[in-house]
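We count ligands from 1, going down the list as the structure has it; atoms in each ligand are counted the same way.
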Amino acid sequence: MAEKIVPVLIVGGGPVGLALAGDLGWRGVACVLIEQSDGSIYQPRMDMVGVRTMEFCRRWGLVGAVEGSPYPRDYAQDNVYVTSLAGYELGRERFPGIGQAAPPPQSPQRRERCPQNMFDPILRAFAASQKSVTLRYRTRLTGFTQDADRVTATVESADSGTREDIAARYLVGCDGARSLVRETVGITMRGNPALTYTTNVIFRCPDLVSLHDKGKAYRHILIGPEGTWATIVAINGRDQWRFSLIGSATQRDYTTAEIEAAIRRAVGRDFKFEILSVLPWVRRELVADSYRDHRVFIAGDAAHAMSPTGGFGMNTGIGDAVDLSWKLAAVLQGWGGDGLLESYTIERQPVGARNVAEASGNLRRMLSVSRNPEIADDTPQGAETRKRVGAEFTELMRHEWFTLGIHLGYRYEDSPISWPDGTPAPPDEAGTYQQTARPGHRAPHAWLADGRSTLDLFGRVFTLLGFDATAAEAAPLVEAAHARGVPIAFVTLNEPKAAALYGRKFVLVRPDGHVAWRDDRMPDDPLGVIDVVRGAAPVAGADRVGWVSAAGA
Ligand SMILES: Cc1cc2nc3c(=O)[nH]c(=O)nc-3n(C[C@H](O)[C@H](O)[C@H](O)COP(=O)(O)OP(=O)(O)OC[C@H]3O[C@@H](n4cnc5c(N)ncnc54)[C@H](O)[C@@H]3O)c2cc1C
């Protein structure tokens with residue numbers, strides 16, 4: 001009997017592992033995901049699903065599930081800066097309830113508020129619904145080895161304690177910040193391993209909003225005489241709140257009495273509440289040197305650990321999963337070269353480093369308020385300080401609240417699998433995002449006459465867009481793709497708005513929705529272009545020559 005080798009083994013069933021399993025399954029690739037826990041969320045961490053992640057959810061058919069999750073869609077999403085909830089308000093950034101917010105003009109989707117205990121089950125159901133995906137909970141990776149053609153992983157059942165080996169072509173560690181997969185292959189993390197030792201407390205108090213005069217808000221940032229010291233977040237928009245004692249770079253533990261006193265201080269009065277969970281954690285600023293070691297990859301928090309300020313962690317990880325998934329599919333299906341797999345680190349590691357740095361910048365801004373002993377005093381001096389601090393802080397914090405550029409503006413500048421067109425890159429700024437079909441960037445969104453988004457044209461295969469072009473005109477590239485077994489669809493568009501955004505008559509979009517190549521005419525060497533974008537050859541004349549052999553292809 002032939003030995004069974006799983007194409008992809010995914011370790012970790014957090015949001016990133018589940019997204020990877022779902023996307024692989026959506027591409028028809030068989031994979032097994034193992035997760036040491038039963039999947040219950042002890043304490044929800046992420047709750048902001050970014051615009052790009054929502055665009056992936058749109059592709060996967062999950063928008064309805066996210067919009068239908070129980071987080072109340074009319075719950076105001078304001079960020080409020082206060083001395084305490086019942087105390088003075090220093091400033092506020094107003095945001096409507098998620099359901100009332102319009103998507104940005106650059107996307108068919110808006111960001112969503114869907115806490116992890118609601119979002120993980122959506123991703124889990126998506127992954128489980130794919131025929132080629134097997135999810136195994138309460139199954140822990142204990143170790144693995146790899147050789148030239150496989151990875152052999154040892155896993156242990158939490159129920160029976162039995163161990164077994166699973167052979168896989170590729171292994172992806174989505175096993176979080178303390179990744180065993182990363183440690184086993186010896187990938188190092190660079191940066192700061194401990195920005196703060198923070199303590200998160202989920203408490204229940206159904207009538208918290210009625211205990212103060214600030215109204216409904218998503219996030220309250222607590223600023224006392226010592227500066228910014230805590231936050232309270234509406235974690236489910238109903239009765240549960242996440243209180244974070246931000247802490248410092250020095251580790252310290254809190255007693256229950258200290259935590260209760262801190263919560264009362266933050267609310268500004270005595271009141272009844274129930275502590276549901278306490279989670280001390282370390283805020284890090286780390287990114288892996290490499291996301292790959294031969295047949296082993298890492299994604300999500302295993303590859304980058306960042307401060308939650310900004311809500312980039314999971315969203316960056318899901319970007320990793322989407323980038324890696326089609327490349328693994330291509331190689332397993334026989335039309336992708338090893339250069340595709342090698343491009344994973346080249347494309348995603350700079351995005352990880354960028355987002356980690358941005359998240360730390362947000363933390364620094366949040367903690368930048370200096371000592372103001374009089375800030376909560378009912379005196380003219382106190383009022384003056386509150387006015388000054390409130391104005392400065394409100395302005396400063398806008399940087400964190402408006403981050404479309406982070407979510408949509410990442411680009412694969414030095415990617416060996418995109419064909420540069422010589423045009424200059426638009427600025428990469430957190431707060432602004434300029435759509436462009438320059439190779440390496442996210443292919444732009446424009447509404448089409450039939451009500452679809454251009455984004456709805458991309459997904460399982462390469463898409464060659466031809467603006468006012470015929471199939472005969474596009475034939476050289478399409479035939480070259482066929483000759484190499486690369487799945488491709490040609491779409492002709494007579495859409496002036498989209499044509500202006502895409503900037504060229506022909507634009508080749510990868511299965512993950514990034515632009516691979518564009519020009520006003522067919523290339524002189526269509527096979528050469530196809531070989532580059534499928535990771536089988538370097539761009540002719542590029543100084544990246546050698547990357548294929550360096551990857552051991
Ligand atoms: C307070 C807070 C708020 C946040 N808010 C946001 C936000 O709004 N938006 C956002 O994008 N990000 C946010 N983040 C970050 C986000 O939660 C993480 O980036 C995200 O959970 C990472 O997902 P992951 O799947 O990579 O890792 P994890 O969620 O850590 O999942 C890893 C999984 O691997 C499993 N595992 C580990 N080792 C093994 C093993 N040996 N065998 C089997 N299974 C194993 C673990 O049990 C776990 O389930 C926040 C983080 C915090 C702390």
Tell me which protein heavy atom sits closest to [atom], plus the residue, atom name and distance to 0.1 Å.
{"atom": "atom 50 (C) of ligand 1", "value": "P308 CB, 3.8 Å"}
{"atom": "atom 45 (C) of ligand 1", "value": "Q36 CD, 3.6 Å"}
{"atom": "atom 8 (O) of ligand 1", "value": "M48 N, 2.9 Å"}
{"atom": "atom 5 (N) of ligand 1", "value": "M46 CA, 3.2 Å"}
{"atom": "atom 42 (N) of ligand 1", "value": "L141 N, 3.0 Å"}
{"atom": "atom 33 (C) of ligand 1", "value": "E35 OE1, 3.5 Å"}
{"atom": "atom 31 (O) of ligand 1", "value": "G14 CA, 3.5 Å"}
{"atom": "atom 12 (N) of ligand 1", "value": "M314 N, 3.0 Å"}

Please check whether [X] reaches ligand 1 - meaning an N/O of the residue sits under 3.5 Å from an N/O of the ligand, judged on distance alone.
{"X": "D301", "result": "yes"}
{"X": "R45", "result": "yes"}
{"X": "D47", "result": "yes"}
{"X": "L180", "result": "no"}
{"X": "G311", "result": "yes"}
{"X": "S37", "result": "no"}

When you measure from the centre of the six-membered ring of F203, is the NZ or CZ of R242 under 6.0 Å away and within 45° of the axis?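 Judged by the rule, R242 and F203 form no cation-pi pair.
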Under the 6.0 Å and 45° cation-pi test, does R460 pair with W326?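 Geometry flag: not set, cation outside 6.0 Å or 45°.
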Intermediate values then yes/no, ring-ring contact (aromatic ring centres under 6.0 Å, His included), F402 and F95: CA-CA 11 Å; F402 299 97; F95 288 99; 5.4 Å; yes
Which of the numbered atoms in ligand 1 are under 4.0 angstrom from any heavy atom belonging to [X]?
{"X": "G300", "result": "26 (O)"}
{"X": "N200", "result": "1 (C)"}
{"X": "V16", "result": "23 (O), 24 (P), 25 (O), 26 (O)"}
{"X": "T139", "result": "43 (C)"}
{"X": "G176", "result": "27 (O), 30 (O), 32 (C)"}
{"X": "V11", "result": "40 (C), 42 (N), 43 (C)"}
{"X": "C174", "result": "32 (C), 33 (C), 34 (O)"}
{"X": "F312", "result": "11 (O)"}

Can you label the angle between the [X] ring and the [Y] ring as parallel, tilted or perpendicular, going by 30° and 60°?
{"X": "Y81", "Y": "W401", "value": "parallel"}
{"X": "H220", "Y": "H212", "value": "perpendicular"}
{"X": "H514", "Y": "Y412", "value": "parallel"}

So does [X] pair up with [Y], basic N to acidic O under 4.0 Å?
{"X": "E67", "Y": "R110", "value": "yes"}
{"X": "E93", "Y": "R398", "value": "yes"}
{"X": "D78", "Y": "R92", "value": "yes"}
{"X": "K327", "Y": "E347", "value": "yes"}
{"X": "E429", "Y": "R354", "value": "no"}
{"X": "E112", "Y": "R58", "value": "no"}

Compute the minimum heavy-atom distance from P15 to ligand 1 and say whether it is under 4.0 Å. yes
Within less than 4.0 angstrom of ligand 1, does R242 place any heavy atom?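 Right, R242 reaches ligand 1.
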Checking R182 against Y291: is there a side-chain donor and acceptor pair closer than 3.5 Å?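 No - no donor-acceptor pair under 3.5 Å links their side chains.
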Go through the steps for D47 and Y218 under the test side-chain hydrogen bond (donor to acceptor under 3.5 Å, both in side chains), then give the verdict. CA-CA 11 Å; D47 59 6; Y218 166 69; 2.5 Å; yes
